[in-house]
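Down below is the structure, laid out as structure tokens.
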Amino acid sequence: MLDIEEKNIIQNKQPATGASAGATPQIAPAAQTPSQPLSQGQGLNKEAGKVPSVPLPPSLATASTRVKVPGAGNITIVLSLVALVISAIFYLVLVGLAKGVNNNIEQLKRQIEDLDKRTNSEENQTLVEKYNSLKSQLKTYKTLIESRIYPARLIKIVLLRYPKKSLFGSIDFREDGSVNFSGSAFSLTDVAKAYVAIRDYALVELKWRSGAGSPDLSEALNAFSASKGDVIGFLLPENRAVVIFTQSEPQSFQPLKDSYIMANLKNWEIARVAPVFSDLQLLSLESEKKSEEETNPLAGITKKYTFSVKVDPLLLVPPAKSTSLSSEAGYAY
Amino acid sequence: MLTNVYLRTVIIVILSLLTLGFAYLSYSSARPQYQRLLQEERSLNKRKEEGENRLKTLEELGRLLKEKSENLSLVSVALPKDNPGLPELFVELDNIAASNGVIQEVKESTIGNQVSLQKKSSNKEGEETTLTYGAVPISFKIKGSLSQIEGFIEELYKNLRLVRIKSISLSTENELQSPTSDFYTASLQIEAAYFLSEEALNASQSGASTTGK
């Protein structure tokens with residue numbers, strides 16, 4: 001029994017086996033006429049009974065189960081080789097790149113070694129040591145300079161404030177801003193006067209309004225001088241200024257309520273009002289016989305006193321850099 | 001025929017995949033080493049650049065130190081290194097006193113022992129660092145008017161040589177007898193600061209510890 005697949009194979013094989021057509025005379029005529037195709041299976045079924053059962057020669061019988069792709073074996077080998085070659089090229093490229101990088105690394109190592117040698121030469125070591133020493137020397141200098149206080153202004157204030165030496169015999173000033181005023185007086189009234197002179201002294205810290213040009217101290221001095229007779233002032237860094245004048249109860253002084261001051265302070269803002277000397281304390285008060293030879297016993301007795309105060313830190317701030325230190329005297333009224 | 005084409009396509013695809021697979025395998029096997037080499041090259045390049053910059057900075061530094069040597073020598077005048085430089089300071093004090101017309105009582109000058117002091121300072125980042133410096137306390141008296149004394153103190157402050165005024169004591173000797181007299185005596189206590197290098201600091205510390213034992 002031939003099935004349809006076998007028939008088709010036979011048909012396909014026929015041209016190839018044309019030379020041996022004579023060797024297969026047993027093939028049914030129906031199978032030799034390709035003009036009558038076996039379609040839709042119906043004819044097959046109808047004719048199935050009429051087709052004689054012919055045994056196939058062994059060569060044809062095996063052809064029905066073998067699939068042969070012409071040239072497929074060669075292509076496989078070629079493609080495999082191509083794959084191998086591509087892989088090899090790819091690998092070689094990578095190895096070449098790596099070698100290049102490796103050479104570069106070696107070169108870089110040599111260059112770095114050379115650089116290190118030059119950097120760590122004795123001459124450069126000395127240079128670095130000198131630089132480090134200078135750097136820390138300058139740092140120390142800068143820190144010490146910046147932490148210094150400026151005591152000259154205090155002398156000026158004392159000079160202007162206490163022209164009568166009868167009030168104070170000695171003034172001891174210390175770096176931390178503490179000041180001791182000591183003196184001798186014939187009476188307690190004089191001691192009280194000295195006390196008041198220290199107490200009734202106020203300072204106003206001013207800040208120059210931004211965008212108003214360079215700070216003008218005379219504007220500030222003029223604003224206060226109308227009501228305060230003994231105004232002195234000085235400029236400070238960061239566009240600040242201070243004016244100092246006699247003022248009873250400095251803590252309660254309110255310049256903002258003074259219309260004249262406010263009208264004349266055009267470009268200055270009032271930042272702070274404070275007493276010049278705070279923490280006023282009477283450290284000692286003792287009677288001392290001035291002279292043994294004095295006939296009037298009362299006349300020979302003096303009162304020795306010492307007041308201790310703290311100076312407002314603003315008075316010890318170094319002057320503005322643009323202002324020469326000596327020019328501050330010009331601002332004192 | 002269709003079957004043949006189909007089979008060929010399948011084989012080509014498989015071979016292509018195999019090619020890619022081989023390529024990937026060779027790449028993945030060589031990649032880590034290559035990456036490591038690249039990374040090493042990068043880090044070496046960075047080191048080289050740093051080394052070059054360092055060398056350039058050193059050259060620049062050497063040039064600057066040479067150029068500014070005159071100005072830099074002033075640093076040693078302002079803050080002497082490892083010694084208080086007292087002779088120079090006394091000459092300075094003399095000059096300042098002379099220029100302000102005050103009389104300096106040299107006889108009453110006393111020099112205290114050298115001490116090393118520590119001062120806390122904060123840098124731009126707000127971190128506190130401790131500076132160690134040497135200081136010699138010196139006390140002396142000057143006589144003159146208040147303005148002369150003020151001038152002396154101001155000059156002392158402006159002077160290049162770093163001194164800190166620790167205390168000033170102003171007094172008139174006969175205030176009750178002669179209130180009109182404008183003649184004051186100022187007792188000053190100053191501190192002459194000087195720079196302590198690390199070697200000097202270590203030497204003084206080891207000396208102190210030896211003495212302590």
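The sequence lines fix the lettering, A, B, ..., with proteins before strands; numbering per chain opens at 1.
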- Before accepting this row, confirm whether a basic side-chain N of the pair Lys166(B)/Glu175(A) lies closer than 4.0 Å to the acidic partner's carboxylate O.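 Yes, Lys166(B) and Glu175(A) are salt-bridged.
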- Query: Hey, are Lys56(B) and Glu60(B) close enough for a salt bridge, meaning a charged N less than 4.0 Å from a carboxylate O?
  - Reply: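 Salt bridge absent between Lys56(B) and Glu60(B).
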Quick one: what part of [X] sits under 4.5 Å from any heavy atom of chain A, side chain, backbone, both or neither?
X         : result
Gln189(B) : neither
Leu65(B)  : side chain
Ala193(B) : side chain
Leu64(B)  : neither
Ser187(B) : neither

- Minimum heavy-atom separation for Phe234(A) to Leu314(A), with atom names?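 Scanning both residues completely, I find the closest heavy atoms to be CE1-O, 4.4 Å.
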Relative to chain B, which segment of [X] carries a heavy atom at a distance below 4.5 Å: side chain, backbone, both, or neither?
X         : result
Ile89(A)  : neither
Ile145(A) : both
Ser136(A) : both
Ile105(A) : both
Gln137(A) : both

- Query: Does the ring centre of Tyr194(B) sit less than 6.0 Å away from the ring centre of Tyr133(B)?
  - Reply: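 That pair fails the under 6.0 Å test.
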- How about Phe277(A) and Phe181(A): are their ring centroids closer than 6.0 Å?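 When the ring centroids of Phe277(A) and Phe181(A) are compared, they turn out to be within the sub-6.0 Å range.
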- Message: Can a side-chain donor-acceptor contact be found between Lys81(B) and Ser133(A) if the only test is distance below 3.5 angstrom?
- Response: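 Judged by distance alone, the side chains do pair up.
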- Are Glu41(B) and Asn104(A) close enough that a side-chain donor and a side-chain acceptor fall under 3.5 Å?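 Yes - a donor-acceptor pair under 3.5 Å links their side chains.
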- Option in Asn102(A), Asp116(A), Leu97(A) with maximal non-hydrogen atom pairs under 4.5 Å from chain B: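 Option with the top pair count is Leu97(A).
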- Task: Quick one: do Glu92(B) and Glu88(B) satisfy side chain to side chain contact (heavy atoms under 4.5 Å, CB included)? Show the steps, please.
- Result: CA-CA 6 Å; Glu92(B) 282 294 312; Glu88(B) 292 87 355; 5.7 Å; no
- Query: Can you tell which of Ser167(B), Ser197(B), Gly21(B), Ser76(B) has the highest number of heavy-atom pairs within less than 4.5 Å of chain A?
  - Reply: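 Max contact count across the listed options: Ser167(B).
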